[in-house]
Undergrad: 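I'd like to ask some things about the structure below.
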Amino acid sequence: MLDKNYDPQTLEKNWYRFWEEQGYFVPSHTDGDTAYCIMIPPPNVTGSLHMGHAFQDTIMDALTRYHRMKGERTLWQAGSDHAGIATQMVVERLIDAEGKTRHDYGREKFVERIWDWKAESGGTITRQLRRMGSSLDWEHERFTMDEGLSEAVREVFVRLHEEGLIYRGKRLVNWDPVLHTAVSDLEVLSEEESGHMWDLRYPVVQPEGAEPFYMVVSTTRPETMLGDCAVAVNPEDERYKHLIGEFVELPLSGRRIPIIADEHADPEFGTGCVKITPAHDFNDNQVWQRHRDETAIADQPNGGLINIFTPDAAIRANEPEEGQLIPAAYIGLDRYAARKRIVADLESQGLLANIKDHRLQQPRGDRSGAVIEPYLTDQWYVRVQPLADPAIKAVENGDIRFVPDNWKNTYFEWMRNIQDWCISRQIWWGHRIPAWYDSEGNVYVGRSEDEVREKHGFGPEVELEQDPDVLDTWFSSALWPFSTLGWPEETERLKTFYPTSVLVTGFDIIFFWVARMIMMGLKFTGEVPFREVYIHGLVRDAHGDKMSKSKGNVLDPIDLIDGIELEPLVEKRVQGMMQPHLADKIARATRKDFPNGIPGFGTDAVRFTFAALASNGRDIKFDLGRTEGYRNFCNKLWNASRYVLMNTEDQDCGLGSEPIELSAADRWIRSRLDATTATVTESIDAYRFDLAAQAIYDFTWNEFCDWYLELSKPVLTGDSASDAAKRGTRQTLVRTLETLLRLAHPIMPFITEEIWQKVKPLAGVDGDTIMLAPYPTTDPAAADPQAVAEIDWVKQCILGIRRIKGEMNIAPGKPLPVLVTNASDQDRVWLETARPYLDFLARTESISVLSDESEAPESAIALVGGMKLLIPMAGLIDKDAELKRLDKEITRLTDDIARTEKKLQNPSFVDKAPEAVVQKERTKLADHAAAIANLQAQREKIAAL
RNA sequence: GGGUGCUUAGCUCAGUUGGGAGAGCAUCGCCCUUACAAGGCGAGGGUCGCAGGUUCAAGCCCUGCAGCACCCA
């Protein structure tokens, strides 16, 4: 028997360990012909589970469990990525506490230290994934820095390099001056901040003695003027057309720079003149590329591409051959000190035209918070275009399908404007670039130093030094779908599971990850990495705000499962807040949103919530109220199961040879279960987990619990039913419950397993776990329109009587005599067969069929089709209340009938609408008209009292 | 500026070739009836953002407008 109370905390504790120990997550346990595989988007090894993960993992686990139950060879590949910068920073912070930097350790020792850290603390998220019930194949868990995956990385790098698809180049990158590395666009967050716009006056070079004349340029970063190589104006701009080809004198450094014509200069914006600083601005760099061959630009130092910063973003010193390119006064100043000084100097020379307050998009590194500088560095790049073309085609021709479909547009948009990919990073933790330099700086790429030496015939006397940089973490992530399966080896796993079935991910990384996996997969395996991409929404807080640590509105999924008191929750949210006023604000908001903390809802309720919220939308506002509702749902299922067990354990459930008899209710619920199975299956197949959850919820609560369990009571407890009928009902109870549990298992694994273990012997089912039990299938023979019609009729009778009781304030438990008039033959049959149901559920004291309506005393009335149910009013029913009730019903029907009549009077409707639609309206009109007549007559009768 | 999506009950959201406006939570009334008060029974609540158009018929299709969100520049 199940415990009296549903307690997710205790029941969820043991099942996961059981599943994992039994090896149920390993695909060998299912040996179907078809394979099904999902790659987990590898979580960051430093990370902990957030709501986005929990949501995504619920979906992947539901899909995995669903397909596993369908008997397919199912693999959900586990693993995590090494998160280069994030992980390095974590460990740097740790050794900072020892008073050391990574340089004190040295590269080798420092990397060892990171491995130690990983061994010790890197498992947080995998533990949390287990709490979520995720049926990942942990036995084959992979890590992007594993030897096997590292080999795949080297192999890919070397092959791409051999084909000329990887090259080294000096380009502008997003430079983090604190971390001293290039960072990807994804790691740069631009937010609007307050700043200033400075208008600088650049004197136009004029003949001796001419009146001074200035070009005014605007900038938010005045210090970059030291690196200007030109001033650009729009070629169509009448104000400046005549100056094109002239020069201005760059203030402070005294260089002469040309005035050039370029579309980039917007005549409408500011003065219409733009300073061009190609080494420190992405747009300016484009302008420079268009004009670099013009003499006036080419003659500039370094061809006009003038870097002014050190890696710290301080003003650099001059190289020996550069003379005074950078004025001595600013050398060594940090960018902001230099800015101040330069503005002051310009002002004192009368060259500062204006300073305005200005809102600007400030790019900051998401890890360091430092303002990112476009910076000129030597980096490794992947030439993407040749890889992108087949990747675009794969989606165009349907080899890969996006769900929802529109996301392919986002994908195309990005892929068609794709830029070469900067893959090198100036950090220590990651896959070291397999390139070696000789003493002259020549570069050799190979799988190892030995391979390089052998290939080029270098003896031991040749000194080779490996490139110090490592690869972008996304480089290894791009190989994830095949590297985890053993590539470049031709393993059995690779053959079985690649291409994988579906990728489940958020739209925020379509560019960075999805696109790159497609490119790399096609390039190195010749096949797509996955056949479908299911893009889900982003989980937001109840107010619709993105959850973020700095906003202090994050929810920890584990807290939803286990519960958390208010004070620890507040503490958790304000922890590590730099600004105290923000901490206060967060504490206040938290106390308001969660005055009593968060109760523990259990994993199944949390998972059910995620499933129910997984519609096609982009934003998912997480509403705790729904989690509470679904926790209640778990409780409902629990208690319904207790009822089933109480009435079936140690009883004959029709498994043997004794005859059984199925009632209308039995056949009805079997029919409804079958329809629900169809809906759930179709919904999961269409990635509509919200509809699947809804169907399960509806069936369980509104049909199984509210009606079928109640309808089973008179059969099981009364003495009117035969033994065969009792067996039939018991069998239906256990079979329906057992099937329902399997139906719901992919979404709520724990509670279904717990109950299933108790129910399976009663239902005559074998198996050690519901995980590997077959998923329910539909049965065409289960549809039973007659049973459905009868039970619908029963429900109408019961609802009608209940409504009278409810509205007349008669205690629901009070037995009442009921008179029936105008009963058809069918009604009379059902009145016999359904009598126990009516007595039990509507508490009817007696039911008498009157052949002559005039015999009926004054009564309250309920209509079931043409049949009238009458409850005599004497001493029970208030005349005015019944009149009011009748009026309400008459009004409702009259309004409805007016619309229907209008429709039917319209000749074009009758003419053009499909016959079935017209017929439906006619039937409705007739039914309503009859009902109104009945009610009207009743009303007059009562009003006359 | 370009693109994508959203606007349905107080709140969060479904609504699948156009033909009955729905769920959960919240609200109101009655009930501790031995599966379940984390519950039962009953009730109220919507000009489906606005304005046009197509159609016999529009929450759904088309056009315009407004507001919101995100992405790209």
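Letters go in sequence order (proteins before strands), and every chain restarts at 1.
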Undergrad: Distance check: side-chain N/O of Lys4(A) vs OP1/OP2 of C36(B), anything under 4.0 Å?
TA: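 The answer is yes; a side-chain N or O of Lys4(A) sits under 4.0 Å from OP1 or OP2.
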
Undergrad: What's the gap between G49(B) and A58(B) when it is taken at their C1' atoms, as a whole Å value?
TA: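 Pairwise C1' distance, G49(B) against A58(B), rounds to 16 Å.
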
Undergrad: Can you check the Tyr643(A) OH to G39(B) C1' distance for me, whole Å?
TA: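 Taking OH of Tyr643(A) and C1' of G39(B), I get 16 Å after rounding.
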
Undergrad: Nearest whole angstrom, please: distance from the C1' of U7(B) to the CG of Asp619(A).
TA: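 Atom CG in Asp619(A) sits about 13 Å away from atom C1' in U7(B).
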
Undergrad: If you check the Asn635(A) side chain, which of A69(B), C36(B), G42(B) turns out closest?
TA: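 Of the candidates, C36(B) comes closest.
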
Undergrad: Applying side chain to side chain donor-acceptor pair (under 3.5 Å) as the test, list every pair that has at least one member in residues 634-648 of chain A; sequence neighbours left out.
TA: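 Only Asn635(A)-Asn639(A), Asn639(A)-Arg642(A), Tyr643(A)-Ser712(A) qualify under side chain to side chain donor-acceptor pair (under 3.5 Å).
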
Undergrad: Would you call Arg416(A)-Glu396(A) a salt bridge at under 4.0 Å N-O?
TA: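 Salt bridge present between Arg416(A) and Glu396(A).
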
Undergrad: Tell me the salt bridge (Lys or Arg N to Asp or Glu O under 4.0 Å) pairs involving residues 902-920 of chain A, sequence neighbours left out?
TA: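 As it turns out, the salt bridge (Lys or Arg N to Asp or Glu O under 4.0 Å) pairs with a partner in residues 902-920 of chain A, which skip direct neighbours, are Lys903(A)-Glu921(A).
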
Undergrad: Between C50(B) and C68(B), how far is it from one C1' atom to the other, in whole Å?
TA: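 Their C1' atoms lie roughly 15 Å apart.
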
Undergrad: Return the nearest nucleotide to the side chain of Asp706(A); candidates are G20(B), C41(B), C36(B).
TA: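 The answer is C41(B).
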
Undergrad: Holding to side-chain hydrogen bond (donor to acceptor under 3.5 Å, both in side chains), I want the full list of residues that pass it with Asp559(A), two or more places apart in sequence or in another chain.
TA: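 Per chain and number, Asp559(A) pairs via side-chain hydrogen bond (donor to acceptor under 3.5 Å, both in side chains) with Lys572(A).
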
Undergrad: Please state how far atom CZ in Phe622(A) lies from atom P in C13(B), giving the value in whole angstrom units.
TA: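 One finds 12 Å between P of C13(B) and CZ of Phe622(A), rounded.
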
Undergrad: Please report the distance separating the C1' of U16(B) from the corresponding atom of G53(B), rounded so that it comes out in whole Å.
TA: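 Here U16(B) and G53(B) have their C1' atoms 25 Å from each other.
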
Undergrad: With distance as the sole criterion, is a donor-acceptor pair present between the side chains of Tyr697(A) and Asn702(A) under 3.5 Å?
TA: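 The answer is no; no qualifying pair exists.
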
Undergrad: Just to verify, what does Asn553(A) make a side-chain hydrogen bond (donor to acceptor under 3.5 Å, both in side chains) with, not counting sequence neighbours?
TA: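 For Asn553(A) the side-chain hydrogen bond (donor to acceptor under 3.5 Å, both in side chains) partners, ignoring immediate neighbours, are Asp541(A).
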
Undergrad: Please work out if Glu710(A) contacts a base, only the sugar-phosphate, or nothing of the nucleic acid, heavy-atom cut-off 4.0 Å.
TA: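 Base contact.
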
Undergrad: Of all residues at least two apart in sequence or in a different chain, which pass the side-chain hydrogen bond (donor to acceptor under 3.5 Å, both in side chains) check with Gln919(A)?
TA: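 Partners of Gln919(A) under the side-chain hydrogen bond (donor to acceptor under 3.5 Å, both in side chains) test: none.
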
Undergrad: Quick check: on RNA chain B, is the nucleotide nearest Trp638(A) upstream (toward 5') of the one nearest Glu921(A), or the reverse? Name the residue that is more 5'.
TA: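 It is Glu921(A), whose closest nucleotide lies nearer the 5' terminus.
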
Undergrad: Hey, could you give me the CD1/NZ distance between Ile897(A) and Lys924(A), rounded to the nearest 0.5 Å?
TA: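 Going from CD1 on Ile897(A) over to NZ on Lys924(A), the span is 9.5 Å.
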
Undergrad: Using Watson-Crick and G-U wobble pairs whose two distances are both under 3.5 Å, how do you write the pairing of RNA chain B as dot-bracket, with | for links to another strand?
TA: (((((((..((((.....[..)))).(((((.......))))).....(((((..]....)))))))))))).

Undergrad: What is the distance from CG of Asn632(A) to C1' of A38(B), rounded to the nearest Å?
TA: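 Those two atoms, CG and C1', are 4 Å apart.
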
Undergrad: Give each protein N/O atom lying under 3.5 Å from an N/O atom of nucleotides 54-60 of chain B, with the pair distance.
TA:
residue, atom, partner, partner atom, Å
C56(B), OP1, Lys912(A), NZ, 2.3
C56(B), O2', Asn906(A), ND2, 2.9

Undergrad: Could you work out the separation of C13(B) and G1(B) based on their C1' atoms and round it to a whole Å?
TA: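 Going atom to atom, C1' in each nucleotide, I get 33 Å.
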
Undergrad: What protein N or O atoms touch nucleotides 14-17 of chain B N or O atoms at under 3.5 angstrom, if any, and at what distances?
TA:
residue, atom, partner, partner atom, Å
A14(B), OP1, Ser615(A), OG, 2.6
A14(B), O3', Arg688(A), NH2, 3.2
G15(B), OP1, Arg688(A), NH1, 2.8
G15(B), OP1, Arg688(A), NH2, 3.0

Undergrad: One thing to verify: whether Glu738(A) and Arg735(A) come together as a salt bridge, which I'm taking to mean a side-chain N less than 4.0 angstrom from a carboxylate O.
TA: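 Looking at Glu738(A) together with Arg735(A), the answer is no, because their closest N to O distance does not fall below 4.0 Å.
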
Undergrad: In whole angstrom, give me the gap between the C1' atoms of G15(B) and C60(B).
TA: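 Going atom to atom, C1' in each nucleotide, I get 9 Å.
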
Undergrad: Output all residues satisfying ring pair (Phe, Tyr, Trp, His ring centres under 6.0 Å) with Phe689(A), sequence neighbours left out; order by chain, then residue number.
TA: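 Once residues adjacent in sequence are excluded, Phe689(A) has no partner under the ring pair (Phe, Tyr, Trp, His ring centres under 6.0 Å) criterion.
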
Undergrad: Could you tell me if His536(A) and Gln56(A) have a donor-acceptor pair between their side chains, going purely by distance under 3.5 Å?
TA: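 His536(A) and Gln56(A) do have a side-chain donor-acceptor pair below 3.5 Å.
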
Undergrad: Side chains of Glu710(A) and Tyr837(A): donor-acceptor distance under 3.5 Å anywhere?
TA: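 Absent: no donor and acceptor within the cut-off.
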
Undergrad: Does Gln289(A) have more than 12 heavy atoms from other residues, nucleotides or ligands lying within 6.0 Å of its CD?
TA: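 For Gln289(A), atom CD is crowded (more than 12 foreign heavy atoms under 6.0 Å).
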
Undergrad: Between P on C70(B) and CG on Leu189(A), what's the gap in Å once rounded to a whole number?
TA: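 Atom-to-atom, Leu189(A) to C70(B), this comes out as 13 Å.
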
Undergrad: If the cut-off is 4.0 Å, is Lys621(A) near the phosphate of C11(B), judged by side-chain N/O to OP1 or OP2?
TA: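 Result: no.
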
Undergrad: Would you tell me if any nitrogen or oxygen in the side chain of Asn417(A) comes within less than 4.0 Å of OP1 or OP2 on C72(B)?
TA: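 No, Asn417(A) has no side-chain N/O under 4.0 Å of OP1/OP2 on C72(B).
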
Undergrad: Rounded to the Å, how far apart are Asn5(A) CG and C36(B) P?
TA: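 Taking atom P of C36(B) as the reference, CG of Asn5(A) is at 10 Å.
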
Undergrad: Which listed nucleotide (A35(B), G44(B), A38(B)) is nearest to the side chain of Lys888(A)?
TA: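 Nearest to the side-chain atoms of Lys888(A), counting from C-beta on, is G44(B).
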
Undergrad: Rounded to whole angstrom, note down the P distance from U47(B) over to U54(B).
TA: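 The answer is 26 Å between these two P atoms.
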
Undergrad: Could you work out, with side-chain hydrogen bond (donor to acceptor under 3.5 Å, both in side chains) as the rule, every residue matching Asp685(A), not counting sequence neighbours?
TA: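 Partners of Asp685(A) under the side-chain hydrogen bond (donor to acceptor under 3.5 Å, both in side chains) test: Tyr66(A).
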
Undergrad: Touch check for Arg642(A), heavy atoms < 4.0 angstrom, all strands: base, sugar-phosphate only, or nothing?
TA: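 Sugar-phosphate: the residue Arg642(A), judged by heavy atoms under 4.0 Å, touches backbone atoms but no base.
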
Undergrad: Taking atom CG as the centre, does Asn417(A) end up with more than 12 heavy-atom neighbours from other residues, nucleotides or ligands that are less than 6.0 angstrom away?
TA: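 Counting neighbours around CG of Asn417(A), more than 12 heavy atoms of other residues, nucleotides or ligands fall under 6.0 Å, so yes.
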
Undergrad: What is the separation between atom CZ on Arg885(A) and atom C1' on G42(B), rounded to the nearest whole Å?
TA: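 Rounded to the whole Å, the gap is 12 Å.
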
Undergrad: Please list, one pair per line, the donor and acceptor atoms closer than 3.5 Å that link side chains of residues 677-684 of chain A to other protein atoms, with sequence neighbours excluded.
TA:
residue, atom, partner, partner atom, Å
Thr677(A), OG1, Leu673(A), O, 2.8
Thr679(A), OG1, Ala675(A), O, 3.1
Thr681(A), OG1, Thr677(A), O, 2.6
Ser683(A), OG, Thr679(A), O, 2.7

Undergrad: C48(B) and G5(B): how far apart are their P atoms, nearest whole angstrom?
TA: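 My reading of the P atoms in C48(B) and G5(B) gives 23 Å.
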
Undergrad: Please tell me which of Gly806(A) and Trp414(A) maps to the more 5' nucleotide of RNA chain B, matching each residue to the nucleotide holding its nearest heavy atom.
TA: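 In this pair, the answer is Gly806(A).
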
Undergrad: Give me the distance, rounded to whole Å, that separates C25(B) from G45(B) when you measure between the C1' atoms they each carry.
TA: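 Per the computed distance, 14 Å lies between those C1' atoms.
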
Undergrad: Answer with base, sugar-phosphate or nothing: what part of the nucleic acid does Leu799(A) contact at a heavy-atom distance below 4.0 Å?
TA: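 Since only primed, P, OP1 and OP2 atoms lie under 4.0 Å of Leu799(A), the category is sugar-phosphate.
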
Undergrad: With respect to the phosphate group of G40(B), does any side-chain polar atom (N or O) of Trp701(A) fall under 4.0 Å of OP1 or OP2?
TA: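 The answer is yes; a side-chain N or O of Trp701(A) sits under 4.0 Å from OP1 or OP2.
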
Undergrad: Is any side-chain nitrogen or oxygen of Asn409(A) closer than 4.0 Å to OP1 or OP2 of G3(B)?
TA: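 No, outside the criterion.
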
Undergrad: Determine the contact category for Cys634(A): base if any of its heavy atoms lies under 4.0 Å from a base atom, sugar-phosphate if only primed atoms, P, OP1 or OP2 are that close, otherwise nothing.
TA: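 Nothing, no nucleic acid heavy atom in range.
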
Undergrad: Extract from the structure each pairing of a protein N or O with an N or O of nucleotides 21-24 of chain B at less than 3.5 Å, listing the distance.
TA:
residue, atom, partner, partner atom, Å
A23(B), O2', Gln694(A), NE2, 3.2

Undergrad: Could you state the CZ-C1' distance from Phe402(A) to G5(B), rounded to the nearest angstrom?
TA: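 In whole Å, G5(B) C1' lies 16 Å from Phe402(A) CZ.
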
Undergrad: Hey, does the side chain of Arg803(A) come within less than 4.0 Å of G42(B)'s phosphate (OP1/OP2), counting only N and O?
TA: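 No, no such contact exists.
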
